[in-house]
Amino acid sequence: MDLYGELILDHSKHPQHVGLREPFGAEVHHINPTCGDEVTLRVQVTDGVVRDVSYDAQGCSISIASTSVLAEETIGHPVSEALETYLAMRRMLTSRGTEAGDPEQIGDGVAFAGVSRYPARVKCALLGWTAFTDALARSGEDISVVSDTTHSRT
Amino acid sequence: MSAFTEDELARIRADFPVLSRTVRDGRPLVYLDSGATAQKPWCVLDAEREYYSTHNAAVHRGAHQLAEEATEAFEGARATVARFIGARPDEVVFTKNGTEAINLVAYAMSNAGAPGAVEGADPEVAARLRLGPGDEIVVTEMEHHANLVPWQELARRTGATLRWIGVTDDGHLQDPTTVVGERTRILAFTQVSNVLGTLNDVAPLVAAARAVGALTLVDACQSVPHLPVDVTALGVDFLAFTGHKVIGPSGIGVLWGRPELLAAMPPFITGGSMIELVHMESSTYAPPPQRFEAGVPMAAQAVGLASAVDYLTELGMDRVHQHDTELTAYCLEQLAGRPWVRVVGPAAPADRVGAVAFTVEGIHPHDVGQVLDDRGIAVRTGHHCAWPLHRRLGIPASTRASFSVYTDRADIDAFVEALDTVPGVFGMTA
Ligand SMILES: Cc1ncc(COP(=O)(O)O)c(C=O)c1O
């Protein structure tokens with residue numbers, strides 16, 4: 001079925017940057033209580049740049065692949081850019097199939113456009129991303145751009 | 001011979017309007033999620049509509065004809081539901097769902113310790129309800145969260161200790177006598193596991209509890225929809241089930257309790273309709289079941305539930321059970337031919353009721369469910385509100401196909417056919 005495109009399958013079978021590494025500024029553990037998916041995620045930020053995102057995840061292919069794309073799209077990028085990428089992912093995922101996503105901004109994240117047609121799966125695709133923003137906040141970064149009133153419906 | 005002939009089953013299916021709809025771009029709905037909630041026959045929908053369009057009024061309130069009729073409809077429904085489980089009407093309490101029914105008992109037990117909990121209650125019976133530090137509450141490792149979390153909370157509030165009977169690798173309960181002991185005050189267990197499908201043998205559980213004077217509560221949410229259940233034959237002290245799984249409406253559940261216990265139990269929700277006398281300082285309570293039904297009750301749902309159990313009674317619960325066993329056997333047989341599928345729970349169809357949960361080698365249940373859904377097949381994925389059980393089985397989640405009276409072999413064929421496409425979607429070979 002078309003939800004599971006090549007990119008999602010690749011990322012879920014070979015998650016990028018997987019594993020928990022040192023050093024890290026904050027570590028968080030997020031779960032999706034409806035299905036039991038879990039992710040432990042660490043971030044390391046210096047001089048406003050995401051130096052590392054490392055994780056240990058257990059879950060469906062959508063959540064694993066999405067976390068893999070997250071690491072790929074944020075490592076080496078300034079925090080402000082990473083948050084923009086998160087916002088773009090979230091907008092696409094909660095668009096109920098109306099937004100295809102911009103590959104310039106979210107890279108392989110465009111592979112998840114189909115997920116937005118399945119409201120029950122949006123949470124899976126966002127699990128790693130919300131853990132990431134939480135970890136940024138815990139390591140002292142300002143994430144107010146993503147925590148405004150337009151919070152996702154997940 | 002099958003429980004239902006093909007003609008009978010076709011007629012049953014025609015009674016459930018939702019089964020004729022299509023999903024996901026015109027595919028016929030194959031509904032295999034009745035364990036989560038069952039579909040409703042026309043008679044249930046008609047009963048609710050008839051109640052609202054002709055008798056609607058506030059039950060037990062008002063001096064007019066409609067109020068009388070509404071009260072009669074509600075109490076008539078109680079009598080029907082009571083008969084269905086071999087009970088007397090005044091032993092049957094209507095609750096919001098099965099979860100609330102269990103909470104009602106757990107809260108009665110924690111409130112029983114408060115001074116003056118129930119005026120005039122038999123002190124010996126009231127003492128059986130009280131518990132504190134040193135006392136034990138026993139559950140099992142296969143409980144739905146609804147029959148686990150309320151007991152964890154009761155333990156926390158009272159200082160009692162929560163213990164549990166383990167689950168064997170083949171999905172049965174371990175010997176209860178190794179856990180149930182002198183300190184046990186209540187044993188709460190499910191009659192049928194919503195994941196493993198295991199039909200627990202109630203007799204040894206009740207015997208173990210009785211031997212030490214402990215109370216028993218059976219979670220019958222997954223048994224009442226599929227097999228004849230008689231409270232006297234079970235020998236338990238409390239039984240809880242939920243309306244929406246018995247092809248009845250949502251918003252209604254049932255607690256059955258032994259009358260002497262109900263009489264000594266303090267209410268968990270208080271307010272109108274459950275009182276005897278009210279003064280500014282304090283009040284006295286109505287006898288059961290009204291004591292536990294504060295506020296205007298769910299009359300339409302009660303009428304709908306009565307219609308649902310009448311429908312099942314008409315089919316005959318023995319045949320309903322046989323039909324379920326046939327479906328279970330057929331489903332297990334189909335899955336057994338697929339080595340990449342691992343079924344959880346007992347191997348023998350006779351030991352199981354209502355559901356077949358499984359995992360697929362290398363593919364997360366969510367992904368399995370998604371591919372099935374794309375073909376119009378509705379199953380449940382996740383931990384099915386039995387997270388500790390999944391941990392015990394060493395799996396994060398499972399996929400579950402579950403049945404009801406309207407389920408047929410064609411549903412299972414469609415399910416298995418779609419299941420065969422799953423490994424391919426993820427680049428594996430079936
Ligand atoms: C075994 C079991 N117990 C309790 C419940 C709770 O039922 P409800 O959610 O309707 O309260 C369920 C179903 O959800 C169940 O399967």
Side-chain angles (χ1 to χ4, degrees), chain A residues 1-15 18 29-41 55-69 93 96-97 108 111-131 154, chain B residues 23-25 27 33 36 144-146 148-149 194-195 344 357 359-400 417-429:
Chain A
M1 61 179 290
D2 55 356
L3 177 62
Y4 297 105
E6 204 73 18
L7 275 173
I8 291 186
L9 294 182
D10 275 356
H11 276 284
S12 71
K13 283 188 192 141
H14 311 288
V18 71
H29 180 72
H30 277 217
I31 54 176
N32 181 348
T34 54
C35 59
D37 287 0
E38 302 185 37
V39 63
T40 302
L41 184 139
Y55 59 93
D56 177 26
Q58 185 194 70
C60 63
S61 62
I62 302 290
S63 79
I64 303 286
S66 183
T67 307
S68 169
V69 169
L93 286 168
R96 296 212 165 223
D108 285 356
F112 296 83
V115 174
S116 73
R117 284 183 287 118
Y118 301 96
R121 301 306 295 277
V122 172
K123 243 184 183 162
C124 308
L126 280 174
L127 182 66
W129 291 85
T130 45
T154 56
Chain B
V23 291
R24 302 279 181 227
D25 302 327
R27 293 172 179 277
D33 199 17
H144 185 283
H145 298 165
L148 170 60
V149 183
N194 66 317
V195 177
V344 299
T359 56
V360 174
E361 182 87 35
I363 302 171
H364 194 278
H366 248 193
D367 296 321
V368 175
Q370 186 83 47
V371 175
L372 296 180
D373 169 64
D374 204 48
R375 295 178 146 241
I377 293 151
V379 294
R380 180 144 177 213
T381 67
H383 50 60
H384 321 304
C385 300
W387 211 335
L389 173 63
H390 279 81
R391 263 188 223 109
R392 163 65 184 86
L393 299 171
I395 52 178
S398 61
T399 306
R400 180 186 72 183
E417 194 187 315
L419 189 61
D420 280 339
T421 70
V422 171
V425 171
F426 299 94
M428 301 182 187
T429 44

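Side-chain atoms are counted along with the backbone in the values below, which use heavy atoms only and exclude waters and symmetry mates. To find a chain, count down the sequence lines: A is the first, B the second, and so on, and within it residues start at 1.
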Heavy-atom side-chain proximity of A/W129 to A/L93 below 4.5 angstrom: no
For chain B, the option from A/P33, A/S12, A/S63, A/A120 that forms the most heavy-atom pairs under 4.5 Å: A/P33
Any B/V371 side-chain heavy atom under 4.5 Å of B/T421 side chain: yes
Salt-bridge present (B/R27, B/D373; N to O < 4.0 Å): no
Engaged part of A/I62 at the chain B interface, taking heavy atoms whose separation is under 4.5 Å: both
Residues of residues 383-397 of chain B near chain A, each having a heavy atom less than 4.5 Å away: B/H383, B/W387, B/P396, B/A397
Results of side-chain hydrogen bond (donor to acceptor under 3.5 Å, both in side chains) for A/T40 - residues two or more places apart only: A/H29
Contact class of B/R24 relative to chain A, heavy atoms under 4.5 angstrom: side chain
Side-chain (A/R117) to main-chain (A/L3) donor-acceptor, under 3.5 angstrom: no
With A/V39, the side-chain contact (heavy atoms from CB on, under 4.5 Å) member among A/L127, A/T130, A/I64: A/L127
Any donor-acceptor pair under 3.5 Å from A/R121 side chain to B/H366 backbone: yes
